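Note that the structure is a prediction, hence the values are computed from the model and not measured. Ligands are counted one by one from 1 in listed order, and the atoms in each one are counted from 1 as well.
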Amino acid sequence: MADLETTLNELREEYAKTKHNKATNKHLGILRKKIANVKKEMSSSKKSRGIGFAVKKSGDATVVLVGFPNAGKSSLLSAITNAESRIAAYEFTTLDVIPGTMRYMGANIQILDIPGLIEGAGQGKGGGAKIASVIRVSDLLLIVLDITKPEGLYTLLDELYDLDIRINKPRPRINVERRLTGGLELEGLGHKIPSKKEVQEILNGYGIYNGKVIFHQDADLFDLMEIMDNSIVNIRALIILNKIDSVTPGFTNAISREIEEKTGVRTVPISAAEKTNLEALRRIIFSELELVRIYLKPKDGKADMEKPMVLRGNSTVMDLARRLHSKTANNLRYAYINGKSAKFPNQRQGREHILADEDIVTLVYEKV
Ligand SMILES: Nc1nc2c(ncn2[C@@H]2O[C@H](COP(=O)(O)OP(=O)(O)OP(=O)(O)O)[C@@H](O)[C@H]2O)c(=O)[nH]1
Ligand SMILES: [Mg+2]
């Protein structure tokens, strides 16, 4: 174990020392691969992989609070969810995860409070792998930071990175298809990767000697390695700057600006204790989740404008039918749409039509 740790530290040091540019790209890529391999070996030797909290997903979307101990996660959970929802904790096999429900604009958003992440979690310390298993199933991550200790953020982001969690970085669009023979075929190679040989080297490292790689975007070697690693998840995040009651507004503004510039992640300053800016936070959470609210209207009746159905962004008419009643969904013929996704009132649309927030929908089924 100690040997692996030494190796890991040496690799990390070398990675940190290497400047990022075109000439070092390949070297960096290979270093990352080595780091990933050592990390995997370390965690498998601890048998920590694969063991996770049994998280019961409920509601229309799941948001996870992550941060160092004492950042104010539990206080925030209490402040933005309703108390009775937290009693449902018995649904989890472990009480380490505390769920709450935030009701907003007709949506029920599940919020999970998990134990504070400690330094070294990325290498399996402090139940890092378990915490990661919860983060992986969430739709949005709230990184809670105590603004009086802002420097902790970068350690936290590194820990998440080591847990194979990528923040606000969409998965690179590269397809790798394995084949039995024929060597490697490349399509759409952009200017960020200087040669086929370098792609070959990376893929050989994963035991792939034959196959087709299609680059749907101008990617570099690092992007290629990211998609080869199945354990990596890409997730949206916000950085919550908590305890702003303890510092001056000027300090809050400066820290907020600095973090956004450095990380590209949106910050939301709040005080969980004094309930400052919580309404704005609730609104931002809702909009980041890109949920759509759909009002159902019976064929000859009035739409129910009180209780919308809440679906993920990009949901189709068929998704709506399945959510309502999975058995009858197959008998769906078409829908009448009023709202933002319709070009004119009562537009008739098929199963694959993508719905927009606040559409009013009438589903028409086959008679059986
Ligand atoms: N001044 C101030 N104190 C806060 C605020 N929010 C939380 N605290 C305090 O910070 C301490 C930690 O709060 P918790 O909510 O328990 O923090 P946590 O992140 O859940 O901590 P762990 O469960 O240990 O990971 C408590 O003493 C809170 O009263 C805030 O907005 N302002
Ligand atoms: Mg707590």
(request) Side-chain contact test, heavy atoms from C-beta onward, threshold under 4.5 Å: evaluate it for I98 versus S74 and give yes or no. (result)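 In short, these two side chains do not touch, never coming nearer than 4.5 Å.
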(request) Would you please write out the protein residues whose heavy atoms approach any atom of ligand 1 to under 4.0 angstrom, listed by chain and number? (result) P69, N70, A71, G72, K73, S74, S75, G116, N242, K243, D245, S246, S271, A272, A273
Taking the basic N atoms (NZ, or NE/NH1/NH2) and the acidic carboxylate oxygens, is any pair closer than 4.0 Å for [X] and [Y]?
X    : Y    : result
R312 : D139 : yes
R323 : D60  : yes
E279 : R282 : yes
R12  : D158 : no

(request) Return the set of residues passing side-chain contact (heavy atoms from CB on, under 4.5 Å) with A71 (not counting sequence neighbours), or none when no residue passes. (result) V144
(request) Would you please test T316 and D319 for side chain to side chain donor-acceptor pair (under 3.5 Å) and show each step? (result) CA-CA 5 Å; T316 61; D319 292 330; 3.3 Å; yes
(message) Under the rule for side-chain hydrogen bond (donor to acceptor under 3.5 Å, both in side chains), what residues qualify as partners of R173, not counting sequence neighbours?
(response)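 Partners of R173 under the side-chain hydrogen bond (donor to acceptor under 3.5 Å, both in side chains) test: none.
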(message) Under a plain distance cut-off of 3.5 Å, with no hydrogens placed, do R236 and N168 share a side-chain donor-acceptor pair?
(response) no
(message) For distances below 2.8 Å, what is the count of protein N, O or S atoms around the Mg ion (ligand 2)?
(response)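 That number is 1, waters not included.
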